[in-house]
Amino acid sequence: MTQPIPIQRAVARPRLLDLFSCAGGAGTGYARAGFAVDGCDIAHRPNYPFAYHHGDALEYLAALIASGEIARYAFVHASPPCQHGCALTVGTNRSQGWGGTHVDLVAPVRALLDATGLPYVIEQPNGRAKLRKDLTLCGEMFGLGVIRHRNFELGGWSTEQPAHRPHRGRVRGYRHGRFYDGPYVAAYGNGGGKPSIPELQAAMGMDWTDVREELTEAIPPAYTQWIGRAALAMLAPAGLGVAA
């Protein structure tokens with residue numbers, strides 16, 4: 001006698017709020033891990049691959065908290081503007097008199113995220129940003145064509161730091177008038193032997209946008225796919241399912 005095939009119940013993906021979402025580098029990684037993703041960015045982002053709110057991230061988060069709609073979400077990721085504290089801004093750019101005044105949004109973002117009561121991540125590059133470096137990820141950990149160290153503060157949860165892998169060489173480009181070759185491309189700026197758009201797309205693992213500014217500001221999806229899997233393992237005991 002043929003046995004009936006069991007009917008598998010559809011399991012809803014936990015929903016994640018992606019603040020300062022840019023073109024969706026972080027959001028794509030979380031989606032690949034198993035989250036349903038909603039974004040928010042103050043700039044118009046037609047290349048963002050998920051539903052998103054066009055507006056100020058701090059105002060939007062405050063409104064979600066006030067209305068109780070934040071309860072739709074299981075997790076929040078925030079990548080506030082990094083120009084205030086990143087190594088490039090406080091180093092080379094400042095020494096050359098480039099750039100302008102930048103606002104540090106890490107503290108106000110953290111205060112609102114704490115008010116949600118949800119587990120969260122705040123991301124920033126190396127530099128002077130005042131956040132805990134609970135987790136540091138590098139492109140070499142994922143076999144990418146960028147180094148792109150990024151630091152993550154984990155609010156309300158924790159995970160182990162993976163081992164850092166030695167870099168295989170230099171970042172390709174000019175340094176002080178001399179050109180260096182290497183296995184990585186420089187995913188920032190325009191001059192100094194910077195990569196082409198196809199090279200950037202391949203190095204970052206992002207093929208859905210061809211806008212240089214979006215590629216150079218993004219988090220490689222491999223980073224947040226790794227974080228997302230760790231976050232889902234943490235959320236699973238609370239009864240939140242993961243779609244296949």
Side-chain angles (χ1 to χ4, degrees), residues 13-31 33 35-86 89 99-125 127-135 137 148 150-157 188 204 206 208-209 211 213-221 223-225 227-228 231:
R13 289 172 173 246
R15 188 159 293 276
L16 180 142
L17 181 59
D18 178 19
L19 298 173
F20 309 93
S21 55
C22 195
T28 296
Y30 285 117
F35 282 98
V37 176
D38 296 333
C40 177
D41 200 277
I42 199 167
H44 180 48
R45 299 293 185 184
N47 291 321
Y48 190 72
F50 312 104
Y52 88 108
H53 173 80
H54 180 198
D56 182 273
L58 289 175
E59 293 178 2
Y60 185 56
L61 180 57
L64 289 174
I65 295 170
S67 67
E69 293 180 74
I70 193 65
R72 297 199 306 261
Y73 297 98
F75 197 86
V76 186
H77 174 98
S79 292
C82 63
Q83 289 87 349
H84 173 82
C86 79
T89 301
T101 301
H102 303 287
V103 179
D104 182 2
L105 296 181
V106 171
V109 166
R110 183 190 295 113
L112 281 174
L113 291 174
D114 284 337
T116 69
L118 297 173
Y120 64 81
V121 164
I122 304 175
E123 174 272 334
Q124 290 284 278
R128 299 179 184 173
K130 296 179 180 179
L131 84 165
R132 295 192 316 272
K133 297 179 181 179
D134 297 323
L135 186 65
L137 299 179
R148 207 161 187 76
R150 287 295 180 270
N151 302 308
F152 301 87
E153 180 174 317
L154 311 183
W157 72 293
Y188 56 87
M204 293 284 290
M206 295 178 60
W208 64 89
T209 177
V211 178
E213 176 254 347
E214 292 181 345
L215 289 163
T216 57
E217 289 188 1
I219 301 170
Y223 291 19
T224 47
Q225 184 173 356
I227 294 172

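Within the 3.5 Å criterion, the main-chain N or O of G25 finds no donor-acceptor partner in the side chain of T28. Here the side chain of Y60 pairs no donor or acceptor atom with the backbone of H53 at under 3.5 angstrom. Proximity of a side-chain donor or acceptor of R132 to a complementary backbone N or O of L154 within less than 3.5 Å is detected. Between the side chain of R13 and the backbone N or O of A31, at least one donor-acceptor pair lies under 3.5 Å. When atom types are taken as modelled, the side chain of E69 and the backbone of A63 share no donor-acceptor pair closer than 3.5 angstrom. Under a 3.5 Å cut-off, the side chain of Q124 and the backbone N or O of N151 do not form any donor-acceptor pair. Under a 3.5 Å cut-off, the side chain of R72 and the backbone N or O of L64 do not form any donor-acceptor pair.
Here the closest heavy-atom approach between residue P108 and residue D104 is recorded as CD-O, 4.1 Å. Of all non-hydrogen atoms in Y120 and R110, the two that sit nearest each other are OH-CG, 3.6 Å. Listed here is the closest heavy atom pair of I122 and P80: CG2-CD, 4.0 Å. The two atoms that bring T224 and G29 nearest to each other are OG1-CA, 3.3 Å, heavy atoms only. The two atoms that bring G55 and C40 nearest to each other are O-SG, 3.6 Å, heavy atoms only. Nearest heavy atoms, A23 versus T209: CB-CG2, 4.3 Å.
Two residues are said to be in side-chain contact when any heavy atoms from C-beta on lie closer than 4.5 Å; E214 and M206 fail this criterion. At least one side-chain heavy atom of L61 sits less than 4.5 Å from a side-chain heavy atom of T116. Side-chain atoms of W208 and P221, non-hydrogen and from C-beta on, do get closer than 4.5 Å to each other. The shortest side-chain heavy-atom distance between Y223 and E123 does not fall under the 4.5 Å cut-off. Side-chain contact between L135 and I227 is present, with heavy atoms from C-beta onward closer than 4.5 Å. L113 places none of its side-chain heavy atoms less than 4.5 Å from the side chain of L118.
Under 3.5 Å, the side chains of Y73 and D38 contain a donor-acceptor pair of N or O atoms.
Between H44 and H54, the angle of the ring planes lies from 30° to 60°, which puts this pair in the tilted group. Ring-plane geometry between Y30 and F35 is classed as perpendicular, the angle between the planes exceeding 60 degrees on a 0 to 90 degree scale with a lower cut at 30.
Rounding to the nearest 0.5 Å places CD of E213 at 5.5 Å from SG of C22. A distance of 12.0 Å separates OG of S79 from CG of L105, quoted to the nearest 0.5 Å. For the atom pair K130 NZ and E153 CD, the distance stands at 13.0 Å (nearest 0.5 Å). A distance of 15.5 Å separates OH in Y188 from CG in L215, rounded to the nearest 0.5 Å.
Just one residue in the list L137, D134, L131 forms a side-chain contact (heavy atoms from CB on, under 4.5 Å) with F152, and that residue is L137.
The aromatic ring centroids of Y48 and F50 lie less than 6.0 Å from each other.
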